[in-house]
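Scroll down for the structure; my scribbles are underneath it.
So that the names make sense, note that chain A is the first sequence line, chain B the second, and so on, each numbered from 1.
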Protein chains: 2
Amino acid sequence: MATTIRDVAERAGVSVATASRVLTGSRPVSPELAERVIQATRELGYRHNAVARALRRGHTNAMGMVVPEIGNPFFPTIVEAVERRLQETGRDLFLCDAQQDPDLERRRVLALIGRQVDGLVIVPVSATASGASLAEAKGHTPLVQVDRYVEGVDTDWVGVDDTAGITMAVEHVVSCGARRLACVSATPDSSAGRRRLLGFQEAVMRLGLPTDGPPLLGSFTAEWGRVAAGRIVAEKHLPDAVVCGNDEIAVGVLGEFRRRGVRVPLDVLVTGFDDIRFAALADPPLTTVRQPHERIAEECIRLLDARIADPDAPIQRIALEPTLVVRESTQRLW
Amino acid sequence: MATTIRDVAERAGVSVATASRVLTGSRPVSPELAERVIQATRELGYRHNAVARALRRGHTNAMGMVVPEIGNPFFPTIVEAVERRLQETGRDLFLCDAQQDPDLERRRVLALIGRQVDGLVIVPVSATASGASLAEAKGHTPLVQVDRYVEGVDTDWVGVDDTAGITMAVEHVVSCGARRLACVSATPDSSAGRRRLLGFQEAVMRLGLPTDGPPLLGSFTAEWGRVAAGRIVAEKHLPDAVVCGNDEIAVGVLGEFRRRGVRVPLDVLVTGFDDIRFAALADPPLTTVRQPHERIAEECIRLLDARIADPDAPIQRIALEPTLVVRESTQRLW
DNA sequence: ACAAAGTGGGTAAACGTTTACCCGAACGTT
DNA sequence: AACGTTCGGGTAAACGTTTACCCACTTTGT
């Protein structure tokens with residue numbers, strides 16, 4: 001059906017070896033023959049079969065990436081950064097969505113490995129349920145976890161220092177005069193959820209702040225933010241500030257507060273985490289903790305390449321420093 | 001290095017043919033041998049090499065998809081819907097990002113084709129510059145365009161009826177009492193840009209409305225929305241309504257209006273297009289035209305499967321009806 | 001002038017599967 | 001008893017590349 005290198009060779013009147021050599025440049029070929037070959041490929045519209053090539057070569061010049069849910073706006077940011085990095089070295093990226101489902105995540109990981117990707121970037125769905133897939137994958141291909149991670153699986157990891165980030169947010173609102181802080185975040189189901197929660201609790205304790213009831217834990221979605229905000233409003237009195245586990249939650253919180261007539265930042269301060277695209281466009285623009293996604297991508301590829309080069313090198317876990325981005329949602333003159 | 005089916009066969013004391021047969025179920029094998037084989041795979045941690053399988057079988061049970069830019073929040077919605085559809089039939093989806101660059105888009109398309117995907121879903125970057133890649137791709141694999149399309153390339157297409165959608169938005173704001181409408185959209189670089197603009201102009205003309213200067217055309221980004229809103233505010237008097245080419249633009253417009261003290265919907269109405277995740281969370285919640293993304297995904301896969309089944313079937317272009325979602329950004333009592 | 005080294009080409013063996021084909025045994029059916 | 005048929009297994013040929021190896025012919029150095 002499709003034209004093969006054999007067809008090209010035939011048309012050019014050379015052997016397949018010669019055709020392959022001019023097409024890949026793996027060895028010099030005389031100008032006349034080379035010309036004939038590229039002429040033939042043009043005439044036949046030949047495209048090399050990457051599957052056959054991968055089979056023979058044993059590598060594919062492509063990376064795989066699996067994210068929990070591409071609809072979560074933080075992941076596209078990181079995907080794009082990784083993509084850009086990879087492009088610098090001419091490699092392709094195949095992206096898969098796990099739909100927040102560890103079973104599906106496993107399928108995707110195996111599918112990519114089966115496709116002989118040269119390495120795998122994965123943001124695991126769950127700090128626990130993703131463990132098995134990762135351990136399995138690790139035996140088959142170089143692998144680096146990004147952002148979230150699962151414990152007990154010894155792989156490289158790069159992400160942000162969640163604890164430091166939340167601490168920044170807490171200290172910032174406190175410096176704005178807040179004393180009673182509420183926390184709306186996600187269950188400690190993912191490492192991000194766990195560490196951000198921990199960071200909040202530590203900071204509050206260290207600063208000796210009164211606690212405003214237990215943290216409200218749901219999922220990293222705007223929907224959960226709305227619900228949680230509803231509960232906060234239902235309490236007898238508002239906290240001074242609401243520290244959210246990510247920007248989506250914060251946006252949900254802002255929306256519900258607005259609907260209920262709670263004014264931000266006048267009545268209460270709100271912070272997010274991640275600095276997604278819409279954080280600056282929220283109403284009011286959201287103070288948040290920015291993840292250095294370009295640096296994360298950079299380290300991610302660096303780790304992966306190092307792992308490819310030496311599968312037995314000691315594993316590395318790199319927590320990059322986030323930065324605080326102050327916007328109107330915490331601008332109050334006390 | 002990695003274990004092959006040959007290792008499995010050897011360990012189980014059977015031929016590779018038998019091993020293959022029990023692994024794929026392509027032909028019945030006696031229970032004892034079957035048991036020995038699956039035992040062996042377990043012990044060796046065997047995973048079939050999908051590359052070799054694809055080479056032999058000629059298909060891969062996977063689809064490819066290329067989007068202009070995964071950071072644009074509309075695309076994840078459609079990607080997720082396609083993913084869900086595909087999952088029903090147990091197929092994998094490999095997603096690529098073109099970073100708004102037709103050259104890169106071409107690379108991605110070719111990479112996917114080279115990987116022998118069974119079909120390709122593509123949202124082209126540009127109505128003109130993507131033409132060559134598409135024409136080339138069409139010769140190699142079944143292909144369906146989604147959302148945007150390039151003309152002059154005969155492929156199946158499914159998307160929304162842009163014209164009808166914009167018309168709905170226009171008629172809606174007019175029914176709210178607006179007369180002077182501004183349009184902020186993207187250059188007619190993509191089919192969506194072109195058709196939405198056309199729809200606006202037609203509707204305005206048909207309803208005999210006064211035009212509020214020429215349409216403001218940039219890109220489908222919030223940033224452009226901000227800029228355009230700035231220009232609108234700089235004019236001597238505000239229009240009654242701003243009809244935006246998509247939700248991102250609208251969100252940018254809302255943000256800039258807010259910053260400049262223009263009240264929506266009190267001073268001016270604003271509408272978007274797409275109904276992305278954040279439209280409902282914007283301030284005020286955004287009236288917009290919702291794309292039926294689940295149906296789009298459904299038709300997309302249907303078209304693709306039909307094309308795979310019969311490459312010579314007549315091509316189809318399916319424009320689905322959008323629906324108007326009225327929220328506060330157009331709620332005004334005149 | 002003759003060996004050594006280099007140059008430019010071809011032949012064929014991989015890569016890991018699946019599957020067309022073959023073969024022997026067991027099992028009816030006349 | 002002779003003869004299909006089915007059943008369950010193996011052998012080996014593909015799939016489309018790349019590349020190790022080989023060979024014939026220069027070129028170069030002595």
TODO: Could you work out which one of dG9(C), dT17(D), dT17(C) sits closest to the side chain of L33(A)?
DONE: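 Of the options given, the side chain of L33(A) lies nearest dG9(C).
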
Open item on the list: Under the side-chain hydrogen bond (donor to acceptor under 3.5 Å, both in side chains) definition, can you give me all pairs with a residue in residues 68-82 of chain A, not counting sequence neighbours?
Closed with: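 For residues 68-82 of chain A, and leaving out neighbouring residues, the side-chain hydrogen bond (donor to acceptor under 3.5 Å, both in side chains) pairs sorted by first residue read E69(A)-Q100(A).
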
Task: Those residues of residues 16-30 of chain B lying under 4.0 Å from DNA chain C by at least one heavy atom - done: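 Heavy-atom contacts with DNA chain C come from A17(B), S20(B), R21(B), T24(B), R27(B).
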
[N] [atom2] sits how many Å from [X] [atom1], rounded?
| X | N | atom1 | atom2 | result |
| --- | --- | --- | --- | --- |
| D7(A) | dT17(D) | CG | C1' | 13 Å |
| I113(A) | dG16(C) | CD1 | P | 16 Å |
| Q116(A) | dC15(C) | CD | C1' | 10 Å |
| R47(A) | dT17(D) | CZ | C1' | 15 Å |
| E10(B) | dG16(C) | CD | C1' | 15 Å |
| L44(A) | dG16(D) | CG | P | 14 Å |
| I5(A) | dC15(D) | CD1 | P | 15 Å |

TODO: For E151(B), check side chain to side chain donor-acceptor pair (under 3.5 Å) against everything at least two apart and list the hits.
DONE: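 So E151(B) forms a side chain to side chain donor-acceptor pair (under 3.5 Å) with R194(B).
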
Task: Qualifying residues under side chain to side chain donor-acceptor pair (under 3.5 Å), relative to S20(B), sequence neighbours excluded - done: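 Once residues adjacent in sequence are excluded, S20(B) has no partner under the side chain to side chain donor-acceptor pair (under 3.5 Å) criterion.
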
What is the distance from atom [atom1] of [X] to atom [atom2] of [Y], rounded to the nearest 0.5 Å?
| X | Y | atom1 | atom2 | result |
| --- | --- | --- | --- | --- |
| T141(A) | L110(A) | OG1 | CG | 11.5 Å |
| L143(B) | L303(B) | CG | CG | 11.0 Å |
| H140(A) | Q116(A) | NE2 | CD | 10.5 Å |
| R108(A) | M65(A) | CZ | CE | 15.5 Å |

Open item on the list: Give the residues of residues 50-61 of chain B touching DNA chain D, defined as any heavy atom closer than 4.0 Å, sorted by residue number.
Closed with: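 Per residue number, the list reads L55(B), R56(B).
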
Open item on the list: R56(B): which residues meet the salt bridge (charged side-chain N to carboxylate O under 4.0 Å, His left out) condition with it, sequence neighbours left out?
Closed with: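 Salt bridge (charged side-chain N to carboxylate O under 4.0 Å, His left out) check on R56(B) returns nothing, list empty.
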
Open item on the list: Can a side-chain donor-acceptor contact be found between T4(B) and R6(B) if the only test is distance below 3.5 angstrom?
Closed with: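 Side chains of R6(B) and T4(B): no pair found under 3.5 Å.
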
Open item on the list: Using OP1 and OP2 only, check whether a side-chain N or O of S15(A) sits under 4.0 Å from dG10(C).
Closed with: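 Yes, because at least one side-chain N or O of S15(A) sits under 4.0 Å from OP1 or OP2 of dG10(C).
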
